[in-house]
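First up is the structure itself, then whatever we jot down about it.
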2 protein chains.
Amino acid sequence: MGPPAEALRKLGYPATRGRGEILRILSESPLPLSPREILDRFPAPRPDASTVYRNLSLLVSLGLVRSVALHERSRRYELATDGSHRHRVVCRRCGRIDSFQPRRCDLSRLEADIRGTLGYDVKEHSLEFFGACPKCRATEEGR
Amino acid sequence: MGPPAEALRKLGYPATRGRGEILRILSESPLPLSPREILDRFPAPRPDASTVYRNLSLLVSLGLVRSVALHERSRRYELATDGSHRHRVVCRRCGRIDSFQPRRCDLSRLEADIRGTLGYDVKEHSLEFFGACPKCRATEEGR
DNA sequence: ATTGCAGATGCAAATATTTTGCAACGGTAG
DNA sequence: CTACCGTTGCAAAATATTTGCATCTGCAAT
């Protein structure tokens, strides 16, 4: 099943088909996916939705998967492999989603500020941008 | 009803009781609230949940209210008055939420990058931090 | 290869969240 | 004060997520 299976076993959890598929599906998607989208991409026989939710929840708690909040009805999920930290850009008009890896994510200073003023030990952050994608900007020209 | 009412009327929408209350409730909360929490704070007679959803949706589209995504089951909402841009810090352990106003939100550079590489005209961003609040850090000491 | 156990899955149902249709009601402009 | 248009309540549907329980599966020790 590959490296993910080992990662799971190492953490003491069986590497079941469902978990392997979720990780594979996420690894093949350029975009974070909703539970529903993940389920739809499962090869037959499809698992029950509850299994997908349970596994996503486990994988998130193990740090193998990360949730992404784009202000939609449901959350999305993406692989949290290695140091793959990403930011999102969402088009308010057509819903297109792009993501990019920041050159150097210099929010460390802000995080230090937070530690100093609010006392939080910040471990993660999530940054999303919203605006108009090139295509929609072109369409809007004659507004 | 106050300034919010004028803002609504100016935009061509009736300033109904429900809208006024939502704006008041949000203005009195130091934290962004979920639709459910907003409903719970309504003085009797409480409106139907659908009314709250419809109004939140309208207020967001008018720019008077902003949604906040903290990777929870439902979104939260906050007043979007004036230039009140805020960032959140959420405790992963106890769920405590703090927010703060960045001294100077120097993401403009990143936004310029995005415009250059992806072609998006970025109009807004949303930045959340996750970690351990001071209280929970103390509790965890003897882990 | 076989077996036993802890944990995972399917299924059904409960719970939570959000949306929609429609008739009655309320806010605003004149 | 009246008329009109948009809003609200209510009921119901659609969507999203969680949970209990019996059965099945992955894993490790034979």
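Lettering follows sequence order; numbering is per chain, from 1.
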B/Thr16 side chain near C/dG26 phosphate (N/O to OP1/OP2, under 4.0 Å):
no
May I have the distance from [X] (atom [atom1]) to [N] (atom [atom2]), rounded to whole angstrom?
{"X": "A/Glu72", "N": "C/dT19", "atom1": "CD", "atom2": "P", "answer": "12 Å"}
{"X": "B/Tyr77", "N": "C/dT17", "atom1": "OH", "atom2": "C1'", "answer": "11 Å"}
{"X": "B/Asn55", "N": "C/dG27", "atom1": "CG", "atom2": "P", "answer": "13 Å"}
{"X": "A/Arg17", "N": "C/dT9", "atom1": "CZ", "atom2": "P", "answer": "10 Å"}
{"X": "B/Leu39", "N": "C/dT18", "atom1": "CG", "atom2": "P", "answer": "12 Å"}
{"X": "A/Tyr13", "N": "C/dC5", "atom1": "OH", "atom2": "C1'", "answer": "17 Å"}
{"X": "B/Leu8", "N": "C/dT28", "atom1": "CG", "atom2": "P", "answer": "9 Å"}
{"X": "B/Arg9", "N": "C/dG26", "atom1": "CZ", "atom2": "P", "answer": "17 Å"}

Name the nucleic acid region contacted by A/Ser50, choosing base, sugar-phosphate or nothing; use a 4.0 angstrom heavy-atom cut-off, strictly under.
base
May I ask you to say what B/Arg54 touches in the nucleic acid, namely base, sugar-phosphate or nothing, with a heavy-atom cut-off under 4.0 Å?
base
Terminal axes of the helix from C/dA1-D/dT30 to C/dG30-D/dC1 (5 end pairs apiece), angle rounded to 10 degrees, sit apart by 50°
If only atom types and distance count, is the side chain of B/Arg137 paired as donor or acceptor with the main-chain N or O of A/Gly119 below 3.5 Å?
yes
Within the side chain of A/Arg19, is there an N or O that forms a donor-acceptor pair under 3.5 Å with the backbone of A/Pro14?
yes
Determine whether [X] and [Y] make a side-chain contact, defined as any pair of heavy atoms from C-beta on separated by less than 4.5 Å.
{"X": "B/Leu107", "Y": "A/Leu107", "answer": "yes"}
{"X": "B/Leu64", "Y": "B/Leu58", "answer": "no"}
{"X": "A/Tyr77", "Y": "A/Leu59", "answer": "no"}

Minimal non-hydrogen separation, A/Tyr120 against B/Val90, with atom names
CE2-C, 3.9 Å
Could you say whether B/Asp48 or A/Pro45 is positioned toward the 5' end of DNA chain C, judged by the nucleotide with the nearest heavy atom to each?
A/Pro45
Of B/Ala49 and A/Arg46, the one whose closest nucleotide on DNA chain C sits nearer the 5' end is A/Arg46
Which is more 5' along DNA chain D, the nucleotide nearest A/Tyr53 or the one nearest B/Pro47? Just name the residue.
B/Pro47
Nearest-nucleotide wise, let me know which of A/Ser74 and A/Pro14 is further upstream toward the 5' end of DNA chain D.
A/Ser74
Go through DNA chain D in 5' to 3' direction and return only the first and the last nucleotide with some atom under 4.0 Å of chain A's heavy atoms.
D/dT15 to D/dC27
Flag for B/Arg75-B/Ser67: side-chain donor and acceptor within less than 3.5 Å:
no
How about B/Glu128 and B/Ser126: does a side-chain donor come under 3.5 Å of a side-chain acceptor?
yes
Once you measure the plane-to-plane angle for B/His125 and B/His85, does it fall in the parallel (<30°), tilted (30-60°) or perpendicular (>60°) bin?
perpendicular
Connected via hydrophobic side-chain network under 4.5 Å: B/Val68 and B/Ile38:
no
